[in-house]
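These numbers come from the heavy atoms of this one structure, side chains and all, not from hydrogens, waters or symmetry mates.
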Amino acid sequence: MDLQAAKDKEVELGTAFGAVNYEFAYNNMDYSDFVLRIKVLSTSVEDEEQLHVVLGCAENENSSCGEENDLCDLANGNLKRKTCCNKGEEPEIQSVATLHANSLLLSAHSPFFRKLFTNGMRESKQREATLCVTASEGAAVMDLLRYIYSGRVQANTGNELLNVIEAAEKFGAIYCIKYCVRLLLISPMTIKLAMMVMRLPVTVLQNDAVRPLAQAAILLLIEYFKDFKRNNQEALTLPLEGVKALLVSDLLEVESEDEVYDFVMAWARAHYVNVEERVTVMANSLLHLIRFPMMTIGKLRDLQREKDIEHSIISHFVSEAFVYKAELLHRQKQMAKLETQTRRFIDRAYKKIPIRVIEFDKPYRHYILYLSMKRKACTLLPLPGQLASENFDLEYGTFYLICQRVVGLQQEMFRLDVRVQSLNSLTYKLECKFAARSKAMRLDFYNLHTTTHAYKDGESGTGLSDPYKTYWSSFVAESSPYFIDDVLSLRIEIVHV
């Protein structure tokens with residue numbers, strides 16, 4: 001359904017429910033008790049931000065905008081006595097519209113006008129008021145005034161409706177906001193519209209009436225941009241609020257949290273050339289949404305040498321990540337339950353399986369790797385298919401694990417390989433001890449297999465085929481003894497021999 005069809009449907013619903021239409025009184029002297037002048041000012045971006053706060057003034061017939069007049073300042077919800085613009089700095093007036101208006105009708109729809117008529121014009125006995133608006137909001141304000149009388153707007157595009165919503169939010173016109181939001185929700189949500197929604201000011205996005213629209217935009221953006229690599233260039237054009245919405249989501253399909261950090265840094269460099277401004281935005285809005293505890297050890301070590309962010313800032317997140325990785329599993333779960341706002345202790349839909357590596361020096365130098373796989377991840381594997389773990393660094397080089405669904409001589413089976421990414425020497429002879437948990441031994445790991453392999457740089461590595469000695473269908477079934485609370489737990493001990 002397009003916007004025009006949505007507007008027609010709204011009109012039908014309004015008529016059906018007996019909505020009152022005062023369009024006959026719009027700009028009609030017979031039904032009006034004051035004159036509202038709308039001055040559209042040509043301003044720079046800097047001036048525009050100031051004029052968004054000072055939206056209007058009640059003025060005498062011979063007064064000018066540069067004089068001291070009663071101005072309506074909605075910053076704190078109060079009327080204050082201010083100057084619209086200093087003499088010598090008065091912006092160019094693009095146009096002036098005069099509207100005969102009814103104070104009762106405007107007050108019923110807008111706290112702004114209610115304060116103006118009760119606290120401002122009533123005391124001065126004035127029957128005229130001037131509203132100073134910027135060129136970017138002039139059409140939206142006029143559309144808002146038309147809505148107050150007719151219950152409809154003339155805006156015909158998503159961008160125009162969003163401008164009306166932004167103007168209505170400044171005037172506190174909640175019914176107009178709800179009307180425009182309904183129109184946008186009835187019509188199809190597109191990526192272009194979703195990105196425009198997320199560019200609305202934070203105060204507008206946090207308005208209760210706008211939240212359903214913001215939520216619809218966020219869901220579409222997450223679905224479209226959940227794979228950063230597929231839509232990388234488009235993702236870099238997202239507004240700040242859009243990026244924040246993505247970072248909060250658990251549904252991002254990334255190889256690891258390392259990829260999330262790299263994207264955020266690329267986005268920040270593209271949007272904030274000034275280093276100080278970039279650091280401020282990262283520190284205040286983005287870093288706490290990156291799940292540092294889910295990053296690889298190698299990436300966390302590299303971040304300690306990050307030059308774009310102050311060491312004191314990044315070291316806090318890196319230290320927290322190392323503390324989390326060193327905690328026992330039950331403590332990690334407690335930390336995740338306590339931190340629900342940023343969700344930084346919760347896994348996303350990582351394409352690479354996170355692993356935990358513990359290094360021991362005594363009684364001999366060895367490493368223990370812990371790998372957990374969800375049943376759903378296994379059942380979704382094609383035939384043949386595989387899932388790789390994140391890379392992990394040992395003394396001997398960089399390795400990773402491969403979990404596979406393969407076809408053996410007579411049946412489908414599960415295979416686990418320890419593969420080499422790069423070695424620090426030409427060859428290393430390593431012993432790998434594979435162990436697993438089962439429902440019969442919930443707390444302890446039982447040995448599956450031990451193998452020794454001479455790793456060479458560029459070689460795929462050793463593996464363990466069909467460790468559970470069962471058919472694939474039985475292995476992943478609900479009754480399978482190998483999944484505890486739908487999680488498969490594996491342990492690999494690696495020793496240099």
Sequence-distant partners of [X], ring-ring contact (aromatic ring centres under 6.0 Å, His included), two or more places apart:
X: Tyr350; value: none
X: Phe434; value: none
X: Phe225; value: none
X: Phe322; value: none

NZ (Lys351) with more than 12 external heavy atoms under 6.0 Å: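 Counting other residues, nucleotides and ligands, NZ of Lys351 exceeds 12 neighbours.
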Side chain to side chain donor-acceptor pair (under 3.5 Å) with [X]: which residues, sequence neighbours excluded?
X: Gln206; value: none
X: Asp262; value: Lys299
X: Thr398; value: Asp393

Provide the full list of side-chain hydrogen bond (donor to acceptor under 3.5 Å, both in side chains) pairs with a residue in residues 366-377, sequence neighbours left out, each pair given once.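 Residue pairs passing side-chain hydrogen bond (donor to acceptor under 3.5 Å, both in side chains), neighbours aside: Arg375-Asp486.
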Students often mix this up, so state it plainly: with edges at 30° and 60°, are the rings of Phe414 and Phe475 parallel, tilted or perpendicular?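 It falls in the tilted class, 30° to 60°.
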Do the ring planes of Phe317 and Phe292 sit parallel (below 30°), tilted (30 to 60°) or perpendicular (above 60°)?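 Taking Phe292 first and then Phe317, their aromatic rings lie parallel (interplane angle under 30°).
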So which pairs with a foot in residues 311-330 pass salt bridge (charged side-chain N to carboxylate O under 4.0 Å, His left out), sequence neighbours left out?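 Listed by first then second residue: Glu320-Arg344, Glu327-Arg331.
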According to salt bridge (charged side-chain N to carboxylate O under 4.0 Å, His left out), does anything in residues 272-288 pair up with another residue at least two apart or in another chain? List the pairs.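 Found Arg278-Asp308.
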Residues that Glu395 engages under salt bridge (charged side-chain N to carboxylate O under 4.0 Å, His left out), provided they are two or more places apart: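 With sequence neighbours excluded, Glu395 shows a salt bridge (charged side-chain N to carboxylate O under 4.0 Å, His left out) to Arg365, given in chain and number order.
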Donor-acceptor contacts under 3.5 Å from residues 490-497 side chains, at least two apart:
unit_1	atom_1	unit_2	atom_2	d
Glu493	OE2	Tyr364	OH	3.0

Take Met265 and Ile309, measure what side-chain contact (heavy atoms from CB on, under 4.5 Å) needs, and give me the verdict at the end. CA-CA 10 Å; Met265 287 304 303; Ile309 303 176; 4.0 Å; yes
